[in-house]
Each structure stands twice: as C-alpha cells, then as structure tokens.
Amino acid sequence: MKKILLMGNANVGKSVIFSRMSGAHVVSSNYSGTTVELAKGNLKMGKETAELIDIPGTYSLDAASRAEAVAVKMLGEGDFIVNVADATNLERSLNLTLQLIKTGKPMVVALNMWDEAVEHGIEIDVKKLEEMLGVPVVPTCALSGEGIKTLVKRLKGQARPSQLKVDQKDVWVQIGKIVDEVQKVSHKHPTLGQEISHATVHPVIGPIFAAIILFFSFAFIAYVGEWLVEMVEGVFEFAWLPVVQFISSFLGGGGILHDILIGGFIDGSISFEESFGLLTTGLFIPIAVVLPFIFSFYFVLSLLEDIGYLPRLGTLVDNLMHKMGLHGFSIVPMLMGLGCNVPGALAGRVLETRKERFIAVTLLAICVPCMAQIAMVVGLIGQAGPAGIIIFFSVLFFLWLSLGVLMKFFIKGETPEILLDIPPYRRPHLKTLAKKIYMRMGGFIKEALPYVLLGVFFVNILYALGVIDFMSQIFGPLITRVFGLPAEAVGALLVGFLRKDVAVGMLAPLGLNLRQLITASAVLVVYFPCAATFVVMFKELGIRDLIKATLIMIGVALLVGGGLNLLLRPFV
Amino acid sequence: MKIKLSKLKAGSSAKIITIEGGAGAIRNIENLGIRPGKKIKKISQQLGRGPLIIQSGKTEVAIGRGLAEKIWVETEE
C-alpha cells in the first residue's frame, strides 16, 4: 500500500488537514514527541487505497533532535509527501519544504492558515511560489475546509518531485529570495488574540491565569467524570444486572465457572464493585468507573492542546521544572501520564539527555497516577469527603517535587534549555477534537480492558491457589507494621503489578479506615508501575537505569507507606 | 547598543546580531526563525532564571535564559 506522509512544522494544522483528508477509519498507535499518538488513516488514490500518516511536527531534516530523527526515519518509507506549510510563517516553513524537495519524492504543498494570513495582512503570490518551488502549492484553511478538495485532487493528479536545486550552504538566503518575490506584508494592529496571548505568558498574570485554568480543568474532569459514572452505573444496574443475575442462577449460584464469571456474593447478592467476576467487576471497573474519567480527562487535555495553551504552560513552569532537572515542556508527558502512564513514558522518549529521560520517566512511574487509578481511588476515598482526596494528591505532588529535586542533584548530566514555538491561540476544530478523544477512548477499551479482565481472572486464581494467603504470611509483618494495613492487602499489591485499577478495587472489601485507604492507595501508586508501563520503561531506560529506578521506587514506597502510617494516625 | 537578549527589556524591540554556541544549537534556534538580521520584540520574561518569549514577525518563541545569554542583539537606542 502506498504511503502518503503529512509533514510540516509543529502547530501548522497538520492534524486538522489529516482529519479532513482521511476517511472514517483512523487508527492511532503510540508515538512519542507529540501529545497525540501517531495517526494513520486511509485515502483513496484512484483505484488504490493509500495509507495517510500524520508525522509529528519537525522543522528540518537535520535530525538535530531525537524527535526530528524519528521523522527522518519515517520519511524513508513514504511514497508521497503532503508538506503542510504555514502561510503566516512562510519563511520558516520553507526550510522544511526545500529539504523535502531535496529528497526527490513527489510532493504537494498545502499553504495552510490562509485565512489567518489574510487577517494579518499577508499576501502570497501562490502561482509564483509554485513556479519557484517546482511543486503544486494549494492554499488551504483547514478549519473551514477550503482548499482541501483541491489539495487532494492535485495530490492525486499532479504530485511531483521538484527539479529545484537547493542551496546547501546558504539555504536561508535562497529562502529569503523566494519569500521576497512572493510575499507582501501590510501592517496590521495586534489582534485581541495576541493581547490575550501576551497576558497568559506575563510573569505575574500568566501563573494566575494558569492556576485558574488548572482549577477549572480539575473541576470539569471531576464533575463531568462523576456525573458520567453515575449514568453508566445506572445503565449497569438497569440493563446488565438482570443479565448477570440470570447467568448466576443458570450456573446454579456456585461452582468454578460461576466464580470466574460472576464472582462471589457480597451480603447475599451480586455486587459489581466487589464480586470480582469477569462479567461483574471485570466489566464494571473499566466501563463504569474508569472510562467516564478517561473521557472527561482527554476532553480537557485535547482542548488545551488544540487551543495552543500547552507550550505557554511549559514556559510558565520551566523555571520550576529546571530545579527538577527537566525543562518546561516536560510537563506534557506528566500531564499525559495522568491519563495513562504508557503514552506519558513514550512522550519522554524525545527528551534530549539521558538524565532528563531518566528523571522524567521515573517521576512519572512513581508520582503520577493514571486516570484508571485516580478514578478508583476517588471512588473509594471520596466517600468519606474531600479531605482524603486532597491529602492523597498533595502527598503525590510534594513527592514529585522533592524527588525531582533530589534526582537532579544526584544524577550526572545536563538539562538543556527550553526552545519552543508558541503558536497563536486558535479556535479548535471540533471534528478533529472529537476524533482525538474518540481515538484515545478507543485505545483505552482495546488496550486496557483485556488486561483488566486478565487482572480480575488473575485475582481469582491467586485466591484459589492460596497464593494470597501464602504471601500474606511472608509479607504480613512488613505490611502491618510499616504500613499499618491488614495482611490481606498484599493481594492488592500483587495485582498492582498488572493493573492498578483492579488493585485499588481489591481494597474495597477489606474494610479499611480512611488512614489505611490513603496509605494503601499512595503505596499502590508509588511502589511499582503497571506491567504495560514497566515494559515501556525497560525499552526506554535500558536494564541498568531500570534497576536504579526500581530501587528508588521500592525505597520511596516504604518511606511513603511508613510515613503516612505514622503521620496520619493522630488525625484519621 | 549591543547587549545580550537576556538583558533586553520586556516590550522593547531589537535586531539579532550573532548567536553563539555549537553548530547544532545554533541550527535549532535558526530553524525556529531566530536568525541574525531579524528584528524581534521581547514579549515577556519569566521571574528568576525563567525563559523569555520573543516575537519575530508572526512567530513567538520561548527561549531559555541560558540560550538567551548567547544571543546578541542591537537595540534601537
């Protein structure tokens, strides 16, 4: 199948063009360097179907950074190139364009943000640009869809390699000449958008604005998430419970198959939270408890991303992150980690130095709980009021700060300075936003749900084989004396290696008080990542750094568990 | 007056004269549109050793302090 690559700088609207060009069937695979997974879709090219791939933003093919190196590698596999250029930033965009021309692959150029260019008083002679570049140039406005049909038509019929000779030594002089020939700029006053933009990076207003945004983000995620949880729980009670009850009595109310599928009776009836059968807890946890929060979380994150706020947030926190050995934009993998640690860890792949990668990935694995875990913990601790949840998150945040500072001090190496394009604030394209959220929710169902079912199944096996009892006896003293938890909690710790949400679910029937719930939840976040994250860590860090990270994790878990046990006793 | 970009006052404009540093670092900065001869305006400066944001044409770029200390600009005074 032929491959069409969508290439361009960051923040030029590639995702929206991709969204408009590709059909309904869009697949996402995990990719680093962007907040979005690598998107692949299909496009009909005459009789054939070609694969359309959205390559993460790159400014050149020098491969000067890890992110660019990956884009260059992917370029090798492409048959056609759609170069998305920014009409409001022609000079900068042409750098990549000329380098793509040098590869000799057939290409077309989409001159996107055409409407914005007009607003800013920028006029570009498209015909002349096309002559000078030697490839078709199509002005587009991805938001409104203008030009996309023409783009696709010319891609199919007229994509061609250019004969243009690119000046190796002084490419900017060549670009300058082209821009002088084709572009005219008339002065326009700063727009309202620009004034707002400058306010949000002001040294004083910026942080205040950020705090407000973060507050509303949390509020939205929490309230919408909770509301959806109640709705889905209602559906489970109304529509699924009768089915499960029927199956239960059909299986005679007991026996191995019953235990696997339905689980045990709690107070004489089936409990979706505690019965621990594949069809009960196994489906309830991911669909009723976690998925609503996955939706509300990714809604907010994707919106902030598409509006263009994240680079500004990175600028605001850069100072703080440097004290932790990271730079501002590393906030992005951390935020992604709140959704799921796996894409968060993968996003850490493009950090330039080994020190940064180690700190970012380790901090992520230890201090950043994923939404699946958060949803379960909030459900469990939240019943006693907000205090427990506040303590839970505060402990993790404080740990994140201090551990980062410590690691910066002890780990050798440099942290590079931030160098980041700040895009203008833009209205998000709703269809693209919806596709992104849909892709991420679909990813959760496809990738996490099987592991949850496996986890629930695993728990039942462990109990049946007496492994949990055995482990309780060995680790019991540690758990009771250091953590202040009942020895049976070891079951949750065992399952936590596989899935964190199921592990938290196992705390429910233990009848723990608030102190114990907070301690157990915190230890579950901190002591070890889930299996999926661990695999990614192994690939990213290598075995030696992984061992170092693991030792840190275990040490921190003991400290946090023991510490909370002592500190919370007088209060809860 | 020739000064370091990090010393430029927020709200002022200047022209970029030279960028110091290794070839790779210079290339990264240039790829974002920050090149000798360009006129830029400093939009904001974060507190402490935080990064600054400059505007060149329609582009806005955030630059870390350390990098900004390696970029020399000529002010309009």
Side-chain angles (χ1 to χ4, degrees), chain A residues 9-11 58-60 62-65 68 86-93 95-96 113 116-117 120-122 171-172 176 185 190 194 197-207 311-312 314-320 322-323 327-329 352 414-424, chain B residues 4-13 15-73 76:
Chain A
N9 297 348
N11 306 319
T58 176
Y59 292 94
S60 77
D62 301 328
S65 70
E68 291 192 354
D86 184 352
T88 67
N89 222 325
L90 185 62
E91 194 179 32
R92 189 168 75 178
S93 299
N95 187 17
L96 179 64
M113 314 280 188
E116 268 187 49
H120 282 118
I122 300 175
V171 69
W172 290 111
V185 183
Q194 278 187 311
S197 166
H198 295 169
T200 56
V201 291
H202 185 270
V204 176
I205 304 179
R312 289 173 175 84
T315 307
L316 291 172
V317 300
D318 184 61
N319 217 355
L320 173 69
H322 260 279
K323 299 202 166 48
H327 77 309
F329 214 43
E352 293 302 319
E414 297 283 307
T415 302
E417 299 275 348
I418 192 172
L419 180 65
L420 202 55
D421 177 49
I422 310 279
Chain B
K4 290 185 186 178
L5 178 60
S6 50
K7 293 273 185 289
L8 187 64
K9 262 204 305 235
S12 317
S13 301
K15 190 165 81 164
I16 300 193
I17 307 292
T18 49
I19 305 175
E20 296 168 358
I26 294 180
R27 212 165 32 199
N28 280 336
I29 298 177
E30 292 193 340
N31 280 340
L32 280 185
I34 313 300
R35 292 195 311 281
K38 285 256 160 209
K39 263 180 96 172
I40 56 111
K41 180 174 166 192
K42 188 172 197 177
I43 300 296
S44 72
Q45 167 83 62
Q46 298 302 311
L47 301 171
R49 274 199 64 81
L52 44 93
I53 295 188
I54 59 172
Q55 183 180 350
S56 168
K58 301 288 163 278
T59 319
E60 281 184 34
V61 174
I63 303 183
R65 237 3 152 83
L67 284 178
E69 279 170 3
K70 296 203 180 126
I71 300 176
W72 290 89
V73 301
E76 277 159 8

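Chain naming here is simple, since letters A, B, ... match the order of the sequence lines and numbering starts at 1 in each.
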Please classify the contact between [X] and chain A as side chain, backbone, both or neither, with a heavy-atom cut-off of under 4.5 Å.
X       : answer
B:Lys38 : side chain
B:Ile34 : neither
B:Ile43 : side chain
B:Arg49 : both
B:Gln55 : side chain

With the side chain counted from C-beta on, respond yes when [X] and [Y] share a heavy-atom pair under 4.5 Å apart, and no when they do not.
X        : Y        : answer
A:Leu420 : B:Ile63  : no
A:Asp421 : B:Thr59  : yes
B:Gln46  : A:Asn319 : no

Heaviest contributor of heavy-atom pairs below 4.5 Å to chain A, chosen from B:Leu52, B:Asn31, B:Ile29, is B:Asn31

Can you tell me how far [atom2] of [Y] sits from [atom1] of [X], rounded to the nearest 0.5 angstrom?
X       : Y        : atom1 : atom2 : result
B:Ile53 : A:Ile422 : CD1   : CD1   : 4.5 Å
B:Glu30 : A:Tyr59  : CD    : OH    : 15.0 Å
B:Arg35 : A:Asn95  : CZ    : CG    : 8.0 Å

Contact class of A:Glu116 relative to chain B, heavy atoms under 4.5 angstrom =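 The answer is neither part of A:Glu116.
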
Check: At a heavy-atom separation under 4.5 Å, does A:Leu96 approach chain B through its side chain, its backbone, both, or neither?
Finding: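 The answer is neither part of A:Leu96.
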
Can we say A:Glu91 and B:Lys58 salt-bridge, meaning some charged N sits less than 4.0 Å from an Asp/Glu carboxylate O?
no

Donor-acceptor check, side chain of [X] to backbone of [Y], threshold 3.5 angstrom: yes or no?
X       : Y        : result
B:Glu60 : A:Pro423 : no
A:Arg92 : B:Leu32  : yes
B:Ser44 : A:Val201 : yes

### Query
More than 12 heavy atoms of other residues, nucleotides or ligands under 6.0 Å from CD of B:Glu20: is that the case?
yes

Heavy-atom nearest pair, A:Thr315 first then B:Pro51, reads O-CG, 3.4 Å

